[in-house]
Amino acid sequence: MGLQLPVYMDAHATTPCDPAVIDAMLPTLGRMFGNAASSHHAFGWEAEALVEQARELLAGLIGATPSEIIFTSGATESDNLAIKGVAHAYRRKGRHLITSQIEHHAVLHSFQALEREGFEVTYLPVDRSGRVDPEDLRRAIRNETILVSVMAANNEIGVIQPLAEIGAICAENGIFFHTDAVQALAHVKIDVNTSAVDLLSVSAHKMYGPKGVGALYIRRRNPRVRLEPLLSGGGHERGLRPGTLNVTGIVGLGKAAELVVAARDEESRRIARLRDRLQQRLLDQLDGVRVNGGEDHRLPNNLHVTFQGVRAEWMLKAMRNVAVSSGAACASASNEPSHVLRALGATPEDAESSLRFGLHRFTTEQEVDFAADLTVKTVQWLRQNTPDANLEYCK
Amino acid sequence: MPAPPPHGLIYLDHSATTPIDPEIAARMRDADDRFPGNPSSIHAAGRAARLCLEEARSALAGSLGMPAESVIFTGSGSEANNLAIAGTLLEHAGRPAHLIVSAIEHHSVLHCARALAARHDGVTLTEIACGADGRIDLDAIADAIRPATRLISLMLVNNETGVIQPVAEAAHRARDRGIRLHVDAVQALGRLPLDLPALGADLLTLAAHKARGPRGVGALLVRPGCGLAPLIHGGTQENYRRAGTENLAGAVGMAEAVRRAVAATDAHRRHLARLERIFLDTLTGQAAAGPRFELNGCATAKVPGILNLAFEGVRQDDLVVGMDLAGVAISAGSACSSGVIEPSHVLAAMNLPPWRRDGGVRISFGSTNTEQEARQAAARLAELARRLATSTAHG
């Protein structure tokens, strides 16, 4: 196979849909079109059977039971539902919530919305590698704390959080624990029981499934979590998420989960080797390069690098044949320096001189070498040709 | 394994969902193939996806004669209804806000309105009754308007009876009082012209899967200048009004479904009217031997293709289950419940005699139905009703 350009290396923004996922979805775009809530005819039963099969597959991915999974339109909705849903259902028990400074905006902005309603939120700091210190969490807990939300793995620097330790502290204190596992699920095994997770957000399109569908795991036993729904309507998804079920998307999510379970461990090792190769090439051939986030607890597909003195925006423009990014896709309209890098203690200049590489299931060694060469050439060229302009621009 | 596909069955539940148009499915597949990027990413893959998304947005808006920025893509019609209502009522949180809805709205409107009134001190709600003809009471709306009234939410076509609601007349009574009008047009798409200025609508809800588009995507059209508080917080998508990675294939499919539905409205209405006439003629032709039946809802003020019928002395669930066994998919009202047949709030609001209220079944035709199917289904329904009426009378 020759090299296909452009090379896609932005898997934290979205992953290519696996052809097997597309094949699984196709029948639902044809003769299997029923409304899964139409409980009184065969078209509805068939759709319902497909949905329930997907629910089982997804439950299997995280060690849950199928009745603990509800489907949503995406992980942003799942995060909103988990956080606002717990806060509103348990507001009489307490009005204090804890999260980290490096969460996805779907989580951070949900907490900010709750602050405007009178809730109090503690934003835990992270260390230089991006990890939350469980002792900081312990100290932040109060009698009126009802929820802790810490992401499983970060979408910018790929740092993996100590979920089991956080879960244990939450369980000891009778506090619900939500994790946004969007970035982690395709690469890291997460078991909701081992990690004492009570709520977990899933996105299909970050694990080789389609866009427009996600899920939320909601623990039903030990303890049972109640949620106030975000949306009102019909009784779909046990009344927690009304709206006609996106059968096509749900089937795609189920298939994506099945593929991850089958391939994850070997695939993660393969992707990590490619990522290490990319990292090594950049470090070997360029000065003034720093890898962000710790290397000990990092997603196998993540490489986040600061190229000192080079503005990322210019690099992106120059590197047209490699799709990488300078931060979260969802923030690209706002143009603010990354809140994640600032939480790590990076200067605004460094934050604006960083690129995120996101490798994936279909990344090849050839693509890695191409991306490495192009990055090296681009950084060298920008440093030689427009050093002053670049530095000036960074200020 | 899912149940076998319902080949050879007659599908008459198009108000629940419609089979996706194969050409629309092909376009979606094509969009997925060609634009794997996240539309919010700034690299070339992301920009191409963004361009495709914005084309879909323009096309959808253009089909309704609106500017592109008036379209907010959502995860479903239910979500669009929730966003319209909660987003308007909570835009100035804390200020008293009065809301008027009709008693026959879809649950995503009715339950959202009730939840807001229950959870927020400043929000008050008036539910407007409707007549035995299934039309909402216009005078009751005029009477309900107060200085604090901020929003009136009405459906254009009722999903259980097909009765067209006097939305433009209601808008007229609210005119010049600073009251916004939200129109749930989910069932009207493809059956009535949709012109926001002519309807006096500030906000209008559509769902793709009711018009041969995909499930999992809906849209709220918002008149430019109408502020909305978001329901789902996170990234900056949909101009800060609805966070979450955009469902690109869904948006493409929806835009195409709306374009086709709007362009084909007249032909579609004629097709549905013909099927409905054949169905009713066949039923009437065989009625002498069977029980009395009535159409629920005004025959002259409804869209073609949706029939709500009750047979005296015959139970609703017996009809639905019996028809399913006879190979015809019909329903007992809306699909949006959890699997049990609940009493219809729509028929209850119409103050019908008990046999018509409790016995109503919905038959809804679509573009793929044939005249032969209409004839066969009616014959099977007549036969079933006769048998059920006899067995009930004897048992």
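Worth knowing before you read on, the calculation uses all heavy atoms, side chains too, and leaves out hydrogens, waters and symmetry mates.
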Between [X] and [Y], which heavy-atom pair has the shortest distance, and what is it?
X      : Y      : answer
A:T248 : B:R215 : OG1-NH2, 3.5 Å
A:G34  : B:T17  : C-CG2, 3.6 Å
A:A42  : B:L9   : CB-CD1, 3.7 Å
B:A329 : A:H41  : CB-CG, 3.2 Å
B:L231 : A:K84  : O-NZ, 2.8 Å
A:K211 : B:G37  : CE-O, 3.5 Å

Gap between atom [atom2] of [Y] and atom [atom1] of [X] - 0.5 Å precision:
X      : Y      : atom1 : atom2 : value
B:H43  : A:D10  : NE2   : CG    : 3.5 Å
A:S73  : B:I232 : OG    : CD1   : 5.0 Å
A:T244 : B:E79  : OG1   : CD    : 13.0 Å
B:N81  : A:L231 : CG    : CG    : 10.5 Å

Shorter than 4.5 Å, heavy atoms on both sides: which option in [options] has the most such pairs with chain B?
options                       : answer
A:E48, A:H88, A:H205, A:R320  : A:H205
A:A113, A:A106, A:G214, A:P19 : A:A106
A:L230, A:L108, A:V324        : A:V324

Please classify the contact of [X] with chain A as side chain, backbone, both or neither, using a heavy-atom distance under 4.5 Å.
X      : value
B:R242 : side chain
B:D33  : side chain
B:T18  : backbone
B:A249 : neither
B:I24  : neither
B:E105 : neither
B:R47  : side chain
B:N82  : side chain

Examine distances only and state if a side-chain atom of B:H233 and a backbone atom of A:S110 form a donor-acceptor pair shorter than 3.5 Å.
no
If we define contacts as heavy-atom pairs under 4.5 Å, which of B:S108, B:P230, B:G75 has the most with chain A?
B:S108
Name the member of B:A26, B:G244, B:P19 that forms the most heavy-atom pairs with chain A at distances under 4.5 Å.
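Between B:A26, B:G244, B:P19, the count favours B:P19.
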Using a 4.5 Å cut-off on heavy atoms from C-beta on, say whether the side chain of A:F33 contacts that of B:T368.
no
For B:I42 and A:L316: C-alpha separation, side-chain torsions, deciding distance, then whether side chain to side chain contact (heavy atoms under 4.5 Å, CB included) applies.
CA-CA 8 Å; B:I42 62 176; A:L316 292 176; 3.3 Å; yes
